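Heads up: the structure comes next, in structure tokens.
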Amino acid sequence: MSLQSPARLGILLSGRGSNFLAIADNIAQGHLKGCEIAVVISNKADAPGLESARERGIKAVAVEAKGRKRAEHDQEIIATLREHQVNLVCLAGYMRLLSPGFVQAFPQRILNIHPSLLPAFPGLDAQQQAFDYGAQVAGCTVHFVDEELDHGVIVLQKVVAVEPEDDAHRLAERILVQEHIAYSEAIARVISGDYEITGRRYIRR
Ligand code: GRF
């Protein structure tokens, strides 16, 4: 099912926000048609990504998580997303697990980007994990979010070769370049509605 046009994105981030900026640039340059960023939300008031959003005139809201129960914090985020008529939630370096209630509030309408070829290397420091394991290919995955960590249906993956002269940092930098391409491509696919999901398989029509 395609999203209403324009699709209204809600970006959730906890840090520098380079994926958010790549999406914002693609929209500004007309490469991601039919969508706009309605709001950027962070669980950390000092996340640099919030400041970048404000500099671009994009609504940016901090919903501090510290000392609050997950479900209660998530309810406030859901309310903020609804207030801004968000119909596609994009996690972009959002370092918190979503409660089941959050996932159910936006069924098949929450995307995440993870810097590995899932299901390999879920969790933290995925690029370091891939490097230490001796993987010869690494990459990134954009997937729908379900109730398990780094687990939902895969929309798109990009492969990055691990080069002999790599260290984990260099590898992560090249993966990040691909992340910035992959996220906007995945958003465009989801907005188009030209796909079906059968079991775990995302099938383009
Ligand atoms: C990215 O590597 C993303 O894949 C992971 O967290 C990092 C966020 O980076 N989930 P940024 O804040 O978008 O620059």
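Counting starts at 1 for both ligands and their atoms, in listed order. Please read these numbers as outputs of a predicted model, since none were measured by experiment. Positions are given from 1, in the same order as the sequence printed here.
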(message) Salt bridge check, Lys158 against Glu185: does any charged N sit closer than 4.0 Å to a carboxylate O?
(response) yes

(request) Please report which non-hydrogen protein atom sits nearest to atom 10 (N) of ligand 1, along with the residue it belongs to and the distance in Å to one decimal place. (result) Ile113 O, 3.0 Å

(request) Could you tell me whether Leu176 and ligand 1 have an N or O pair separated by under 3.5 Å? (result) no

(request) May I ask you to identify the nearest protein heavy atom to atom 12 (O) of ligand 1, giving residue, atom name and distance to one decimal place in Å? (result) Gly17 N, 2.8 Å

(request) Out of Gln178, Gln127, Glu179, indicate the one that has the non-hydrogen atom closest to atom 4 (O) of ligand 1. (result) Glu179

(message) Check Glu196 with Arg205, please: is the shortest side-chain N to carboxylate O separation under 4.0 Å?
(response) yes

(message) Considering both backbone and side-chain atoms of Arg16, is one of its nitrogen or oxygen atoms within less than 3.5 Å of a nitrogen or oxygen in ligand 1?
(response) yes

(request) Could you tell me the residue and atom name of the protein heavy atom closest to atom 7 (C) of ligand 1, and the distance to it rounded to 0.1 Å? (result) Gly93 CA, 4.2 Å

(message) Once side chain to side chain donor-acceptor pair (under 3.5 Å) is applied, do any residues pair with Asn26, and if so which ones, sequence neighbours excluded?
(response) Ser184

(message) Under a 3.5 Å cutoff, is there a donor and acceptor pairing between the side chains of Gln128 and Asp132?
(response) yes

(request) Return the set of residues passing side chain to side chain contact (heavy atoms under 4.5 Å, CB included) with Val153 (not counting sequence neighbours), or none when no residue passes. (result) Phe144, Ile197, Tyr202

